[in-house]
Amino acid sequence: MSMHKHCFYIFSLIVAALSFDADACTSLIAAPGATADGSAMITYAADSHTLYGALYKQDAADHPEGAMRKIVEWDTNKVLGEIPEVPHTYATIGNMNEHGLAIGESTWMCRPELEGSGMIDYGSLIYITLQRACTAREAIDVMTGLANEYGYASGGESFSIADPSEVWILELTGKGKADKGAVWVARRVPDGYISGHANHSRIHKFPLNDPNTIYSPDVISFARSQGYFSGKDKDFDFSFAYAITDAGALRGCDARVWAYFNRYAQAGAMDKYIPWIMEGKGEPMPIWVKPEKKLSADDLKWMMRDHFEGTHLDMTKDIGAGPFDCPYRWRPMEYEIDGVVYTHERAIATQQTGFSFVADLNSNRHDAMKGILWFGVDDANTCVYVPVFNSATAVPHALDEKTADLYTLSWDAMFWVNNYVANQAYNRYSQMIPDIRRVQSTLESDIAKTLDTTASALADKGYGEAQAALNAFTDYWTQKATADYKALGDYLFVKYLDGNIKKERDGKFARNPEGMPEQPVFGGYNERYFRSIVNETGDRLKVVEPNLK
């Protein structure tokens with residue numbers, strides 16, 4: 001079988017379904033030089049049907065000689081073993097540490113026989129590394145060292161690793177029963193470029209003698225030994241050798257990165273890769289592209305809210321969007337009609353997100369805020385991103401994992417309040433989303449303006465004073481966003497009750513002079529939906545006036 005045929009070999013329906021249905025994440029990248037203020041930025045959406053959205057914190061600590069650390073698998077909470085602790089571990093907040101190092105990830109399907117059988121899972125790699133590394137390059141050394149020494153316990157994985165100076169993509173997979181370690185490649189995203197990964201391996205061919213590309217010594221020889229590759233070293237393709245490239249990997253995964261590139265690259269430049277994401281034809285997408293404009297943190301926040309709007313995959317345009325142009329589809333992603341398999345699109349923004357973030361890293365800011373984690377819970381499309389700083393010493397109550405969980409509703413928890421808003425909108429999206437955008441945009445704009453003022457005021461302050469002010473800043477805006485969204489949810493419930501839309505006047509629901517509610521608006525459905533009813537029922541619902549002559 002040729003390499004190209006191998007890359008698009010469609011496995012059984014079960015395997016294809018798994019590639020669409022598995023918990024999936026998206027990470028977008030903007031290297032310094034591609035951003036308006038010179039920051040390094042990465043994003044991450046932790047998409048899972050069983051993940052409660054909360055902000056996790058680990059304090060800095062000193063450890064005595066002989067201390068051990070338990071390895072707890074991120075996805076299952078299963079204890080996999082113990083490893084020696086290092087003398088000092090750094091403080092972490094979410095997926096960022098006190099030095100402004102941030103790490104995101106996305107899992108991809110490796111060859112089944114390569115599933116790791118070691119001790120260190122992908123989640124442990126992230127959080128242990130954040131406690132032990134100061135820079136992106138140090139992080140790569142820590143992560144690959146842990147996987148080699150103790151064995152890798154997960155499948156294929158892409159990591160976005162960023163500090164204020166640079167961003168790297170590390171792709172890694174285990175060796176299965178052949179060896180407890182891992183094979184991997186890491187590439188630095190060039191300054192001025194954007195990149196990303198979304199549940200499919202994105203590193204194809206790579207330079208073998210380049211200081212900005214690092215790889216395991218056996219990444220090619222192991223592939224040869226397993227029969228995955230037989231060409232010249234210069235032609236080695238990591239993704240084709242180790243990843244499963246099926247319809248789900250392309251339409252369901254690479255398409256999300258395509259959407260990012262398509263929005264910011266030169267107009268029309270990504271059209272030639274449509275055959276790749278749709279059918280696996282032509283050349284794979286490049287690992288990075290140059291944007292036509294410099295991006296801001298706001299640009300990346302809104303990219304995390306993308307549903308392919310304005311493209312050939314726009315999720316608001318087909319009948320699956322229903323009568324209210326809803327860009328969401330419930331699982332399963334694949335379905336079969338008359339023996340033919342079809343799929344819903346898988347966009348960046350999805351309903352089952354636990355948490356997401358935009359990490360904005362810049363050493364030109366005060367040391368206490370050189371790392372800003374714009375953090376949101378639940379669906380990125382409807383969440384409010386609040387700033388959390390590298391110097392944080394506490395987690396706001398609304399984001400604390402102890403406040404609630406996936407089976408315990410609490411109006412104090414931002415996750416549940418955001419779900420209250422989002423899940424109402426899923427049923428009547430086109431009608432409700434303008435109301436949500438009004439509150440969401442106002443909050444995020446107010447946060448950004450106030451942060452600029454705060455940053456200026458803290459410029460000459462000591463680290464401790466700045467740290468205290470930034471802790472208070474995060475706590476205040478988290479509380480306000482949670483309270484405002486609870487009020488928004490109540491407002492949506494009242495305004496759209498029973499399929500009606502209540503009229504408003506001067507910021508209040510309208511009443512007549514006698515104090516009674518005015519007659520509401522009947523929003524109805526969109527024309528596409530009405531046409532689908534007529535197409536299915538023919539004349540059965542046609543209005544025929546009686547002829548009584």
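The basis for the numbers below is simple: all heavy atoms, side chains too, and nothing from hydrogens, waters or symmetry mates.
- Between the side chain of Asn419 and the backbone N or O of Asp378 there is no donor-acceptor pair closer than 3.5 Å.
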Go through the steps to decide whether Gln58 and Thr89 satisfy the test side-chain contact (heavy atoms from CB on, under 4.5 Å), and finish with yes or no.
CA-CA 9 Å; Gln58 300 174 99; Thr89 50; over 6 Å; no

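- Checked against the 6.0 Å centroid threshold, Trp258 and His200 do not count as a close aromatic pair.
- Atom NE2 of His204 and atom CZ of Phe238 lie 11.0 Å apart (nearest 0.5 Å).
- Between Glu283 and Lys272 no salt bridge is recorded (no basic side-chain N to carboxylate O distance below 4.0 Å).
- Considering only heavy atoms from C-beta on, Asn390 stays 4.5 Å or farther from Leu101 through its side chain.
- For the pair Asp360 and Ser39, the tightest heavy-atom approach, listed with the atom from each and the gap, is OD1-OG, 2.7 Å.
- The closest side-chain donor-acceptor pair between Ser239 and Asp237, if any, does not fall under 3.5 angstrom.
- When all heavy atoms of Asp306 and Ala347 are compared, the pair lying nearest together is O-CB, 3.5 Å.
- Here Ile71 contributes atom CD1 and Ile120 contributes atom CD1; the two are 4.0 Å apart, rounded to the nearest 0.5 Å.
- Using the six-membered ring where Trp is involved, Tyr215 and Phe206 have ring planes that are tilted, between 30° and 60° apart.
- Tyr273 and Asn262 share no side-chain donor-acceptor pair at under 3.5 Å.
- When atom types are taken as modelled, the side chain of Glu166 and the backbone of Val189 share no donor-acceptor pair closer than 3.5 angstrom.
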Could you walk me through whether Ile348 and Thr43 satisfy the side-chain contact (heavy atoms from CB on, under 4.5 Å) test, starting with their C-alpha distance in whole Å, then the side-chain angles of each, then the deciding distance to 0.1 Å, before giving a yes or no?
CA-CA 11 Å; Ile348 294 174; Thr43 77; over 6 Å; no

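- No more than 12 heavy atoms of other residues, nucleotides or ligands lie within 6.0 Å of NZ in Lys232, so this atom counts as exposed by the packing criterion.
- In this structure a side-chain-to-backbone donor-acceptor pair under 3.5 Å is present from Arg305 to Cys383.
- Looking at Asp233 and Arg224, a side-chain N of the basic residue comes within less than 4.0 Å of a carboxylate O on the acidic one, giving a salt bridge.
- Atom CD1 in Ile287 sits 6.0 Å away from atom CZ in Arg202 (nearest 0.5 Å).
- Lys180 contributes a side-chain N or O that, together with a main-chain N or O of Glu149, makes up a donor-acceptor pair within less than 3.5 Å.
- For the pair Gln131/Val86, no side-chain contact is recorded, criterion being any heavy-atom separation below 4.5 Å from C-beta on.
- For the pair Ile128 and Arg69, the minimum side-chain heavy-atom distance is below 4.5 Å.
- Ile42 approaches Gly104 most closely through the heavy-atom pair CD1-N, 3.8 Å.
- Residue Cys253 holds its SG atom at 11.5 Å from CD1 of Ile277, rounded to the nearest 0.5 Å.
- A donor-acceptor pair is defined here as one N or O able to donate and one able to accept, closer than 3.5 Å; such a pair exists between the side chain of Thr353 and the backbone of Thr350.
- There is no side-chain donor-acceptor pair under 3.5 Å between Gln226 and Arg111.
- Within a 6.0 Å sphere centred on CG of Asp210, heavy atoms belonging to other residues, nucleotides or ligands number more than 12.
- Of all the heavy atoms in Ser195 and Trp288, the pair that sits closest is CB-CB, 4.0 Å.
- Minimum heavy-atom separation, Val185 to Ile203: O-CD1, 3.6 Å.
- Between the side chains of His99 and Thr135, no donor-acceptor pair is found at a separation under 3.5 Å.
- Residue Ala243 comes nearest to Ser201 through the heavy atom pair CB-CB, 3.8 Å, listed as atom of the first residue, atom of the second, then distance.
- No more than 12 heavy atoms of other residues, nucleotides or ligands sit less than 6.0 Å from atom NZ of Lys317.
- With values rounded to the nearest 0.5 angstrom, Tyr260 atom OH is found 10.5 Å from Met304 atom CE.
- By the salt bridge (charged side-chain N to carboxylate O under 4.0 Å, His left out) test, Asp37 pairs with no residue at all, sequence neighbours left out.
- A donor-acceptor contact shorter than 3.5 Å links the side chain of Ser106 to the backbone of Asn199.
- Ion pairing between a basic and an acidic side chain is recognised when a charged N comes within 4.0 Å of a carboxylate O; Glu345 and Arg251 show such pairing.
- At least one side-chain heavy atom of Pro387 sits under 4.5 Å from a side-chain heavy atom of Ile447.
- Checked against the 6.0 Å centroid threshold, Trp330 and Tyr426 count as a close aromatic pair.
- If you check the side chains of Ser158 and Glu171, you find a donor sitting under 3.5 Å from an acceptor.
- Remark: the Tyr385 side chain and the Ser356 side chain contain an N/O donor-acceptor pair separated by less than 3.5 Å.
- Test Phe229, Phe222, Trp184 against Tyr242 for side chain to side chain contact (heavy atoms under 4.5 Å, CB included) and you get one pass: Phe222.
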Is there a side-chain contact (heavy atoms from CB on, under 4.5 Å) between Arg132 and Leu146? Walk through the geometry before answering.
CA-CA 11 Å; Arg132 297 184 178 193; Leu146 287 169; 4.1 Å; yes

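- At a threshold of 4.5 Å between non-hydrogen side-chain atoms, the residues Tyr328 and Met315 do not count as touching.
- For the atom pair CH2 (Trp276) and CE (Met270), the distance works out to 12.0 Å, reported to the nearest 0.5 Å.
- Contact of the Leu170 side chain with the Trp168 side chain is not registered, since no non-hydrogen atoms from C-beta on lie closer than 4.5 Å.
- Donor-acceptor pairing under 3.5 Å is lacking for the side chains of Thr316 and Asp325.
- Put simply, the side chain of Arg437 reaches to within 4.5 Å of the side chain of Asn381, judged on heavy atoms.
- Side chain of Lys293 to main chain of Tyr264: no donor-acceptor pair is present (N/O by atom type, distance under 3.5 Å, no hydrogens or angles).
- For the pair Lys177 and Glu113, the minimum side-chain heavy-atom distance is 4.5 Å or more.
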Go through the steps for Thr129 and Phe159 under the test side-chain contact (heavy atoms from CB on, under 4.5 Å), then give the verdict.
CA-CA 12 Å; Thr129 299; Phe159 299 94; over 6 Å; no

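- A distance-only check finds a donor-acceptor pair linking the side chain of Asn526 to the backbone of Gly322 [under 3.5 Å].
- Remark: Tyr90 OH is packed, more than 12 non-hydrogen atoms of other residues, nucleotides or ligands lying under 6.0 Å away.
- Classification of Arg263 and Asp299 as a salt-bridged pair fails, no side-chain N sitting under 4.0 Å from a carboxylate O.
- For the 3.5 Å distance criterion, the side chains of Tyr127 and Asn95 qualify, holding a donor opposite an acceptor.
- There is a side-chain donor-acceptor pair under 3.5 Å between Ser124 and Asp121.
- For the ring pair (Phe, Tyr, Trp, His ring centres under 6.0 Å) with Phe375, the qualifying choice from Phe389, Phe355, Phe357, Phe415 is Phe355, the only one to do so.
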